Amino acid sequence: MFFHVKELQFRAKPERPDPAYARKLQEVLGGQFGEMSVMMQYLFQGFNCRAERKYRDMLLDIGTEEIGHVEMLCTMISQLLEGAPADQVDEMAKDPLIAAALGGMNPQHTIVSGLGAAPTDSNGFPWNSRYIVSSGNLLADFRANLNAESQGLLQVVRLYEQTTDPGVRDMLSFMIARDIMHQNQWLAAIEEIEQLDGPIAPASFPRDLVAQEATRQFLNFSEGEESREGRWASGPMPDGTGNFEYVVKPQAQGGVPDLKPAADHQHSTPGTGPYVVNAGLSK
């Protein structure tokens with residue numbers, strides 16, 4: 001059960017309208033790493049969580065917070081669009097193709113959403129549920145969450161640099177702060193689980209069922225050997241099961257593939273049709 005408090009978590013008031021910037025903000029609203037994505041990702045992970053209750057509660061806490069961030073962005077985008085020049089709006093209503101030459105404003109803001117935010121990215125592509133990860137494995141999911149917050153923060157700080165509006169920057173600075181907090185949160189949660197099960201996800205699959213040698217080898221599959229200078233090429237492995245091994249010239253081990261001819265009903269094999277050439281003459 002959810003309750004809606006009719007106040008924003010933080011201020012979302014621009015100093016002046018900027019329809020082109022409203023389009024840019026759509027990316028951190030409805031893009032792959034936008035607030036809609038983390039909102040749905042955390043909520044579904046929480047709804048489906050079968051682990052200790054503290055993990056479920058944490059996921060629902062942050063997922064619900066993200067609903068508020070979606071509302072903040074929608075409010076900001078709508079206000080940035082409020083002062084769109086009337087002639088610009090009128091021209092777009094006549095011919096959406098003109099939009100490309102009119103300051104970068106998204107024509108869908110005037111045609112589809114009525115000068116309001118939309119569940120799309122900055123190019124108008126609809127938000128997609130395939131953006132989210134909810135596997136049921138907490139370590140794998142929390143790492144996906146860390147990635148989502150890292151990519152999302154990167155986009156927000158880039159957007160911060162692309163505006164001088166103090167009101168917009170005020171809101172973005174708050175979102176940046178929360179993204180920093182969330183990255184630290186996921187790092188702490190990941191560390192806690194790694195201390196229980198180790199760093200490999202899933203930890204439950206029996207190691208005696210895999211080729212042990214292949215779990216240690218870094219394979220040099222490109223020209224040059226600079227990659228051997230990294231921590232990933234020598235020394236102890238993070239999971240404590242041995243040492244990395246650098247393989248300079250990996251060798252093929254699978255042999256040449258030899259596939260049987262396709263069955264007749266697949267109609268895939270050449271040389272079986274009605275026009276097969278026989279002794280220089282076609283049938």
Side-chain angles (χ1 to χ4, degrees), residues 1-13 25-78 117 119-121 127-157 159-160 168-199 201-204:
M1 181 169 64
F2 288 88
F3 289 96
H4 178 238
V5 177
K6 294 180 178 60
E7 297 179 23
L8 299 179
Q9 184 183 6
F10 192 80
R11 297 178 295 276
K13 179 69 175 177
L25 278 185
Q26 285 284 164
E27 191 64 35
V28 292
L29 172 63
Q32 181 178 0
F33 299 107
E35 297 296 320
M36 288 183 62
S37 290
V38 290
M39 172 189 76
M40 296 294 281
Q41 183 155 307
Y42 303 158
L43 288 176
F44 270 86
Q45 289 177 10
F47 295 151
N48 297 335
C49 184
R50 300 175 184 271
E52 192 176 343
R53 286 184 179 271
K54 66 179 180 180
Y55 296 113
R56 176 184 174 90
D57 192 33
M58 179 263 286
L59 283 162
L60 295 179
D61 282 340
I62 186 174
T64 305
E65 178 184 0
E66 301 292 4
I67 300 176
H69 293 179
V70 168
E71 184 179 26
M72 286 165 52
L73 278 168
C74 287
T75 301
M76 178 63 78
I77 290 170
S78 294
T120 67
D121 66 14
W127 182 83
N128 192 324
S129 63
R130 289 186 178 274
Y131 294 157
I132 74 168
V133 175
S134 179
S135 72
N137 182 287
L138 290 185
L139 183 54
D141 283 355
F142 289 178
R143 285 174 173 165
N145 296 350
L146 177 61
N147 176 64
E149 291 287 350
S150 301
Q151 295 291 338
L153 177 55
L154 177 60
Q155 293 182 356
V156 173
V157 298
L159 282 169
Y160 183 94
V168 177
R169 281 193 159 189
D170 187 39
M171 184 195 74
L172 293 182
S173 68
F174 175 77
M175 294 182 63
I176 290 169
R178 294 308 296 162
D179 284 353
I180 292 172
M181 161 56 194
H182 293 159
Q183 286 193 46
N184 276 302
Q185 170 191 319
W186 295 125
L187 285 166
I190 289 168
E191 180 182 6
E192 181 176 289
I193 296 175
E194 287 181 344
Q195 289 176 352
L196 293 172
D197 295 329
S204 54

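Along the sequence shown, the residues carry numbers beginning at 1. What you are looking at is a predicted structure, and each value in this text was computed from that prediction instead of being measured.
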Apply the test side chain to side chain contact (heavy atoms under 4.5 Å, CB included) to residues Q183 and L146: give CA-CA distance (whole Å), side-chain angles for both, the deciding distance (0.1 Å), then the verdict.
CA-CA 6 Å; Q183 286 193 46; L146 177 61; 4.1 Å; yes
Working for side chain to side chain contact (heavy atoms under 4.5 Å, CB included), residues L139 and E194
CA-CA 8 Å; L139 183 54; E194 287 181 344; 4.1 Å; yes
Go through it in stages, so that I can follow the logic: the residues are L154 and F33, the test is side chain to side chain contact (heavy atoms under 4.5 Å, CB included), and I'd like the CA-CA distance, side-chain angles, deciding distance and then a yes or no.
CA-CA 10 Å; L154 177 60; F33 299 107; over 6 Å; no
Passes salt bridge (charged side-chain N to carboxylate O under 4.0 Å, His left out), E192 versus K54? Steps please.
CA-CA 12 Å; E192 181 176 289; K54 66 179 180 180; 2.9 Å; yes
Please lay out, stage by stage, how V38 and N145 fare under the test side chain to side chain contact (heavy atoms under 4.5 Å, CB included).
CA-CA 8 Å; V38 290; N145 296 350; over 6 Å; no
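Inter-residue side-chain proximity for L25 and L172 is flagged as met; some heavy-atom pair is nearer than 4.5 Å. Proximity of W186 to I62: side-chain heavy atoms (C-beta onward) are separated by under 4.5 Å at one or more points. Residues R56 and L60 have side chains in contact (heavy-atom distance under 4.5 Å, counting atoms from C-beta outward). Residues F142 and M58 are in side-chain contact: their nearest non-hydrogen atoms beyond the backbone lie under 4.5 Å apart. For the pair M181 and R178, the minimum side-chain heavy-atom distance is below 4.5 Å. For the pair R143/N147, no side-chain contact is recorded, criterion being any heavy-atom separation below 4.5 Å from C-beta on.
Residue L187 holds its CG atom at 7.5 Å from OG of S150, rounded to the nearest 0.5 Å. The CZ atom of R11 lies 14.0 Å from the OG1 atom of T75; values are rounded to the nearest 0.5 Å. One finds the CD atom of E27 at 11.5 Å from the CG atom of L73 (value rounded to the nearest 0.5 Å). Atom CG in D179 sits 11.5 Å away from atom CD in Q151 (nearest 0.5 Å). Rounding to the nearest 0.5 angstrom, the gap separating the NE2 atom in H69 from the CG atom in L29 is 12.5 Å. With rounding to the nearest 0.5 Å, the separation of CD1 in I67 from CD in E35 is 11.5 Å.
A donor-acceptor pair under 3.5 Å links the side-chain atoms of D141 to the main chain of G136, judged by distance alone. Formation of a donor-acceptor pair under 3.5 Å by the S173 side chain with backbone atoms of D170 is found in this model. Put simply, the side chain of E66 never gets that close to the backbone of M40: no donor and acceptor are under 3.5 Å apart. Looking only at distances, a side-chain donor or acceptor of Q26 sits under 3.5 Å from a matching main-chain atom of T120. With hydrogens and angles ignored, the 3.5 Å screen pairs no side-chain donor or acceptor of D57 with any backbone N or O of R53. With hydrogens and angles ignored, the 3.5 Å screen pairs a side-chain donor or acceptor of R169 with a backbone N or O of Y160.
Heavy-atom contacts from other residues, nucleotides or ligands closer than 6.0 Å to CZ of F174 number more than 12.
Between Y42 and H182, the ring planes lie perpendicular to each other; the angle is over 60°, past the 30° to 60° tilted range.
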